[in-house]
Amino acid sequence: VTMDDACRYARAIHDSAISGATYNPTTGQLSVSLDGSTDSPTRVAAFVDRGSGIELAWLDVDAFSGSTSSAYTAGEHAGFEFDAVSGPQLEDTPFDVTVRAVDAGGLTVTDYSGTATLSDLSGTATPTTASFTGGVWSGAVTIADPYTADVLTMTDDAATGSSVAFDVLGMQECPCSIWDDTATPAVDSNKDGIHTIEVGVRFESLVDGYITGLRFYKGAANTGTHTGHLWANDGTQLAEAEFTNETASGWQQVDLSAPVEIVAGQTYVASYYSSDGYYAYTNGDLTSGVDNPPLRALADGEDGANGVYRYESSGFPTQTHQSSNYWVDVVFAESLPEYSLWDDATVPGTPASSDGSAIELGVTFESDVSGEVLGVRFYTGATNTGPYSGQLWTADGTPLATAPFAGTASVGWQEVRFDTAVAIDAHTPYVASYHTASGNYAYDAGYFSSGVSNPPLYAYAHGEDGHNNGAYGYSS
């Protein structure tokens, strides 16, 4: 075999041998000579040093007997080549794509700077055009509809090229779970001797979000108490909640006292402890992963064992048997719902008082669950022109956050967001207030003679648990 310094390596496929391989960096011509015979077309792979790096080129050679040669000139645009598109992708979710303009041997045509058309089999890919620089285009592609074995295609007036096939998965509406309520196990109640047991599932989300609850499937014999857990993949406990008000059988759910934020692509474990040792199972169900985007139960062996359990005591489950599914699930939300004590349709009896003094007015409240206060709202009448600021306090008057309202408000509910949300504890009193320099505040006399409940929020009745509600203070 003879070869020059520019053609680093070449290999013929089939019953033939390379007798020569050269690349001329001045003309861009790649040539190969072969001896032997083939009964079908042959491809020769050549790794070519073009000065900017070594690239793979392919030469197609027709069937021959004896000897033959083949050559082509690098740099003449002949098509488009996609870098690998990993799958599956999600509908309406951007993913990165890189496409190269290539010559007949697959080498990048570095002087190509044209605009090409991008399309896919579903007909919903965006963007629809791509402007190349130095023979390369990279960008985020979004496909609007689910599609099985979708293919991206790049085309201009003279050439075309397509990606490998990949699936585009539809996203279920969330809050959501891995399994819906119609899914049932092969065995709904089983017990291994005298053992108590903790059983679990490894899962991930394809998007960032929050775990707001835990679920498990209960058979009729699975009595006793059940305690759910959420873990990081290394066994760090993230949440615990006891199931209450269970039905005799079927899917059970408990809400976490505080949602747990999770990161896309990271592995977590959801489990529950059965004090009587009963559990549901389906053998071999997690041999492959279970996809219900954005959630996915991992295949057994993918980033750890799946279908995991632990005997005797509650804790992080690590053992596995026959890739069994023990029918543990989560409740996932991409974003958390926001709550207020009063909705926008609520109107005070007196939208604007005649008191024109600067004043701070507030409400004492608590939440049934831990969470975050994002900001403050108040109702303003036509003569309450501000300026205004919103505050959050502990019940003893320690300031937690403040923010100015922008501009002069129109009549109705006004809202300001704090720069940073403030974490609050469940069943703990706090005070939200606003200050207005113009007075003329809205009010309802006697309103807090009883408490106001709009779960998970509750405003105390005046004097309840020693709290003054409807509190105010004059100040400049």
Side-chain angles (χ1 to χ4, degrees), residues 336-369 371-476:
L336 296 179
E338 297 180 9
Y339 302 95
S340 296
L341 281 164
W342 298 281
D343 62 30
D344 288 345
T346 304
V347 177
T350 304
S353 72
S354 58
D355 181 356
S357 302
I359 193 170
E360 183 106 14
L361 307 107
V363 60
T364 303
F365 73 97
E366 69 171 38
S367 172
D368 293 337
V369 296
E372 295 179 332
V373 174
L374 304 178
V376 172
R377 288 163 33 100
F378 76 96
Y379 191 96
T380 182
T383 56
N384 184 358
T385 57
Y388 325 97
S389 63
Q391 282 71 234
L392 181 69
W393 317 78
T394 63
D396 64 5
T398 302
L400 298 176
T402 185
F405 287 81
T408 300
S410 57
V411 173
W413 285 97
Q414 316 303 320
E415 180 178 317
V416 67
R417 298 287 178 117
F418 300 131
D419 289 340
T420 303
V422 179
I424 63 171
D425 296 324
H427 304 297
T428 303
Y430 297 88
V431 176
S433 67
Y434 82 99
H435 181 271
T436 172
S438 64
N440 304 123
Y441 48 86
Y443 75 96
D444 274 285
Y447 191 86
F448 288 117
S449 59
S450 59
V452 177
S453 181
N454 190 11
L457 298 177
Y458 175 74
Y460 290 89
H462 180 62
E464 183 180 356
D465 294 338
H467 300 297
N468 291 325
N469 217 347
Y472 66 91
Y474 288 104
S475 65
S476 58

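All figures in this text were calculated on a predicted structure; none of them were measured in a lab.
Residues Gly386 and Ala437 share a closest heavy-atom pair of O-CB, 4.0 Å. Nearest heavy-atom pair, Asp368 versus Pro455, reported as atom, atom and distance to 0.1 Å: OD2-CB, 4.2 Å. Closest non-hydrogen pair, His435 versus Gln391, comes out as N-NE2, 4.0 Å. Minimum interatomic distance between Ala382 and Thr385 (heavy atoms only, all atoms of both residues): O-CG2, 3.9 Å. Pairing each heavy atom of Gly390 with each of Phe418, the nearest pair is O-CE2, 3.9 Å. When every heavy atom of Tyr474 is checked against every heavy atom of Ala358, the shortest pair comes out as CD2-O, 3.4 Å.
We find the CD-OG1 distance between Gln414 and Thr436 to be 11.0 Å, quoted to the nearest 0.5 Å. Remark: Ser450 OG to Tyr460 OH distance equals 15.0 Å, nearest 0.5 Å. Of the inter-residue distances, the one linking Thr420 atom OG1 with Leu374 atom CG reads 11.0 Å to the nearest 0.5 angstrom. Between the CD1 atom in Ile424 and the CD atom in Glu372 there is a gap of 9.0 Å [rounded to 0.5 Å]. Taken to the nearest 0.5 Å, the CD1 atom of Ile359 stands 7.5 Å off from the OG atom of Ser353. Note that OG1 of Thr402 and OH of Tyr434 are 14.5 Å apart. Values are rounded to the nearest 0.5 Å.
Listed for the Tyr430 side chain is a donor-acceptor partner under 3.5 Å among the backbone atoms of Asp425. For Asn469 (side chain) and Thr364 (main-chain N/O), a donor-acceptor pair under 3.5 Å exists by modelled atom type. Judged purely by atom type and a 3.5 angstrom limit, Trp393 has no side-chain atom pairing as donor or acceptor with the backbone of Ser433. The backbone N or O of Ser357 lies less than 3.5 Å from a partner atom in the side chain of Asp355, making a donor-acceptor pair. Between the side chain of Ser340 and the main chain of Trp342, no donor-acceptor pair closer than 3.5 Å is present. When atom types are taken as modelled, the side chain of Thr428 and the backbone of Ala426 share a donor-acceptor pair closer than 3.5 angstrom. Without hydrogens or angle criteria, Thr394 side chain to Leu400 main chain gives no donor-acceptor distance under 3.5 Å.
Among Asp344, Asn384, Val347, the single residue meeting the side-chain contact (heavy atoms from CB on, under 4.5 Å) criterion with Tyr379 is Val347.
By the 4.0 Å N-to-carboxylate-O rule, Arg417 lies close enough to Glu338 to be salt-bridged with it.
Counted within 6.0 Å of CG on Asp419, heavy atoms from surrounding residues, nucleotides or ligands total 12 or fewer; the atom is thus considered open.
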*Determine, step by step, whether Tyr388 and Val416 satisfy the side-chain contact (heavy atoms from CB on, under 4.5 Å) criterion, reporting the C-alpha distance in whole Å, the side-chain angles of both residues, the deciding distance to 0.1 Å, and the verdict.*
CA-CA 10 Å; Tyr388 325 97; Val416 67; over 6 Å; no
*Could you go through the side-chain contact (heavy atoms from CB on, under 4.5 Å) check for Asn454 and Phe365 one step at a time?*
CA-CA 11 Å; Asn454 190 11; Phe365 73 97; over 6 Å; no
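Ring-centre distance between Phe378 and Phe405: below the 6.0 Å cut-off.
No side-chain N or O of Ser475 forms a donor-acceptor pair with one of Glu360 less than 3.5 Å apart. Side chain to side chain, Asn440 and Ser438 fail the donor-acceptor criterion of an N or O pair below 3.5 Å.
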